[in-house]
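Since the structure comes first, as structure tokens, the remarks are kept for the end.
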2 protein chains.
Amino acid sequence: MSTYSISQLAALAGVSVRTLHHYDAIGLLQPAGRSSGGYRLYNEHQVLQLQQILMFRELEYPLAQIQQIMQTPDYDLIHCLRQQQQLLAGRIAHLQRLQSMLDFTIQQQESSAMTTSSQLFNQFSQATLREEAAQRWGEAEVRQSEQKMAQLSSEQQQKLAAEGEQIARGFAQCLHLPADAAEVQLWAVRQHQWLQQYGPCPLQRLVMLGDLYVSDARFQAYYDRFGAGTAVLLRDALHWYVASQSAP
Amino acid sequence: MSTYSISQLAALAGVSVRTLHHYDAIGLLQPAGRSSGGYRLYNEHQVLQLQQILMFRELEYPLAQIQQIMQTPDYDLIHCLRQQQQLLAGRIAHLQRLQSMLDFTIQQQESSAMTTSSQLFNQFSQATLREEAAQRWGEAEVRQSEQKMAQLSSEQQQKLAAEGEQIARGFAQCLHLPADAAEVQLWAVRQHQWLQQYGPCPLQRLVMLGDLYVSDARFQAYYDRFGAGTAVLLRDALHWYVASQSAP
DNA sequence: GCTTGCGTCTGACGTTACGTCAGGCTGCAG
DNA sequence: CTGCAGCCTGACGTAACGTCAGACGCAAGC
């Protein structure tokens with residue numbers, strides 16, 4: 001049985017001596033023993049343990065949890081691995097979304113040399129929102145909507161965005177009116193039609209979206225940019241619209 | 001132009017108030033001004049800046065670097081984005097490798113209920129080595145070799161691993177002999193033949209591998225497990241073998 | 001036997017990006 | 001005017017080590 005000094009083990013595993021000091025201090029990996037001079041001595045068993053620790057660390061487990069896992073005599077390894085798999089898949093998906101966002105941004109940058117910071121902001125927040133949307137409504141729906149968008153030319157996309165803004169301005173100009181006013185309801189209809197260009201939008205979803213516009217600070221901020229209270233008016237208008245539609 | 005209180009901005013961007021305090025303290029995002037009572041006041045411009053900061057943060061830039069980037073008056077945005085793209089691609093690839101390692105491990109776990117820690121260790125270190133190999137010799141080669149392995153049954157793979165160990169033991173039993181001894185050279189031949197089962201292995205690569213066995217602490221440790229000095233003997237034997245082969 | 005020099009020890013403070021109080025103002029509603 | 005939520009600053013805590021500092025261990029060379 002070969003034994004290793006601390007620097008040997010460090011080199012073997014590709015970590016620093018300080019790391020091993022640290023692991024010893026917190027009790028995660030203690031040396032097999034000490035030499036007469038007080039030097040830490042490790043052997044094969046520690047090498048294996050360290051490799052396992054590093055595996056978990058690679059998967060970004062906190063050290064405390066690694067310790068807990070490895071101290072449990074009969075922990076459910078396979079369950080643990082499965083969990084890890086899920087976590088990894090999520091992280092990869094997240095990064096891939098970021099990447100497609102970046103690709104898109106770069107593409108835009110290259111085509112039109114000038115991009116304002118607000119365009120960047122929009123791209124980023126759209127990516128963020130998309131991710132939340134995927135969680136809220138499921139991956140499939142969001143992807144459908146994305147495909148629909150992808151088929152449109154960028155001109156058409158811009159038109160769509162512009163129409164959204166126009167509607168928002170429309171609501172903002174009705175801030176003095178109640179949600180059930182005819183003019184407000186007209187804008188509600190337009191909002192619904194506009195949303196349907198992104199994909200199917202049943203009335204139920206319209207209600208959820210209305211709530212989202214108020215409860216989500218980012219949507220609120222977006223709409224209230226056109227006038228304080230616009231988000232609330234929009235929500236109430238949509239609620240009223242849905243009520244009138246579902247029970248005519 | 002709307003202004004935001006600190007908690008409003010925090011909600012808007014999905015960060016904590018403390019985070020904004022911090023960003024103010026380090027000068028990364030300072031408020032547009034203060035109210036008479038000393039409250040921080042932000043406006044649209046800060047919202048956009050914060051979004052950009054969060055984008056960089058998402059890509060795990062340290063805050064200091066984000067600050068540096070954003071303070072540069074005419075920083076090359078597109079270059080920066082490209083760099084981010086590369087970085088992201090690398091991280092995704094890394095995670096995907098980890099994932100395939102996990103998949104494999106889980107598969108193994110399910111087939112044979114018992115897995116020793118040493119098997120886990122082997123899987124992990126193989127994944128690590130694979131990644132380095134990919135860097136050293138290129139993705140394509142490594143993938144080829146992997147495909148070759150994938151076509152083998154696990155029995156055959158075990159046989160291959162066992163043969164590798166047998167050869168290592170063979171070298172270990174020749175520790176008293178010089179590298180150019182006939183017996184040692186026989187083992188060198190077998191090592192070469194063994195390596196070729198993983199994929200084409202020209203003599204030049206054989207030399208590189210020989211060096212690796214000594215320079216890389218993990219390989220060294222692996223071979224020296226069979227006897228101290230085995231790695232060096234193996235390297236020297238391979239060198240000698242290659243020399244005799246290339247100039248016969 | 002003594003110096004040289006590297007390896008190792010412990011202890012302690014530094015780092016990053018905040019979290020989490022604590023104690024004291026501010027601002028607005030009732 | 002009196003709560004009470006929101007905000008302020010200052011300070012300490014966290015994770016996973018990095019980075020000295022000062023002292024000891026150990027093998028080699030003179």
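All values below were derived from every heavy atom in this structure, side-chain atoms included, with hydrogens, water molecules and symmetry-related copies excluded. Here is how names work: the chains are called A, B, and so on, in the same order as the sequence lines, proteins then strands, and each is numbered from 1.
Contacts of B:Ser5 classified as side chain to side chain contact (heavy atoms under 4.5 Å, CB included), with partners at least two apart in sequence or in another chain: B:Ser7, B:Gln8. With sequence neighbours excluded, no residue forms a ring pair (Phe, Tyr, Trp, His ring centres under 6.0 Å) with B:Tyr4.
Computed from coordinates, the A:Tyr4 OH to C:dG7 P distance equals 19 Å when rounded to whole Å. Regarding B:Ile6, its CD1 atom lies at a distance of 17 Å from the P atom of C:dT26, rounded to whole Å. Atom-to-atom, CG of A:Leu9 to C1' of C:dG7 comes out at 15 Å; the value is rounded to the nearest Å. A straight line from CD1 of B:Ile53 to C1' of C:dC18 spans 14 Å, rounded to a whole angstrom. Following rounding to the nearest Å, B:Glu60 (CD) and C:dC18 (P) show an atom-to-atom distance of 12 Å. When the C1' atom of C:dC18 is taken as reference, atom CZ of B:Arg57 falls 9 Å away, rounded to whole Å.
Of all the residues in residues 19-31 of chain B, B:His21 reach under 4.0 Å from DNA chain D with at least one non-hydrogen atom.
Closest heavy-atom contact between B:Ile66 and B:Leu28: CG2-CD1, 4.1 Å. Heavy-atom minimum distance, B:Asp180 versus B:Trp240: CB-CE2, 3.2 Å. Minimum interatomic distance between B:Asp236 and B:Ala179 (heavy atoms only, all atoms of both residues): CB-CB, 3.5 Å. Among all heavy-atom pairs drawn from B:Ser16 and B:Ala10, the shortest one is C-CB, 4.0 Å. For A:Leu20 against A:Ile6, the heavy-atom pair with the smallest separation is CD1-O, 3.5 Å.
When each of B:Ala64 and B:Ser35 is assigned the nucleotide of DNA chain C with its nearest heavy atom, B:Ala64 is the one assigned upstream, toward the 5' end. Where A:Tyr61 and B:Arg34 meet DNA chain D, the nucleotide closest to each residue was compared, and B:Arg34 sits on the side nearer the 5' end.
You'll find the side chain of A:Leu50 stays beyond 4.5 Å of the side chain of A:Gln46, heavy atoms only. The side-chain heavy atoms of B:Leu9 and B:Arg40, taken from C-beta on, include no pair separated by under 4.5 Å. Using a 4.5 Å cut-off on side-chain heavy atoms (C-beta onward), B:Glu58 and B:Leu54 make no contact.
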Table of protein N/O atoms under 3.5 Å from nucleotides 23-25 of chain C N/O atoms:
none

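Contacts between chain A and DNA chain D, taken as any atom within less than 4.0 angstrom of a protein heavy atom, begin and end at D:dA16 to D:dC26.
Distance check: A:Leu234 CG to A:Gln191 CD gives 5.0 Å after rounding to the nearest 0.5 Å.
End-to-end axis angle of the helix from C:dG1-D:dC30 to C:dG30-D:dC1, using five pairs per end and rounding to 10°, comes to 20°.
Proximity of the aromatic rings of A:Tyr223 and A:Phe171 is defined here by a centroid distance below 6.0 angstrom, and this criterion is not met.
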Inset, instruction - Kindly determine whether A:Val15 and A:Tyr23 satisfy side chain to side chain contact (heavy atoms under 4.5 Å, CB included), including the steps that lead there. - result: CA-CA 11 Å; A:Val15 302; A:Tyr23 290 176; 5.9 Å; no

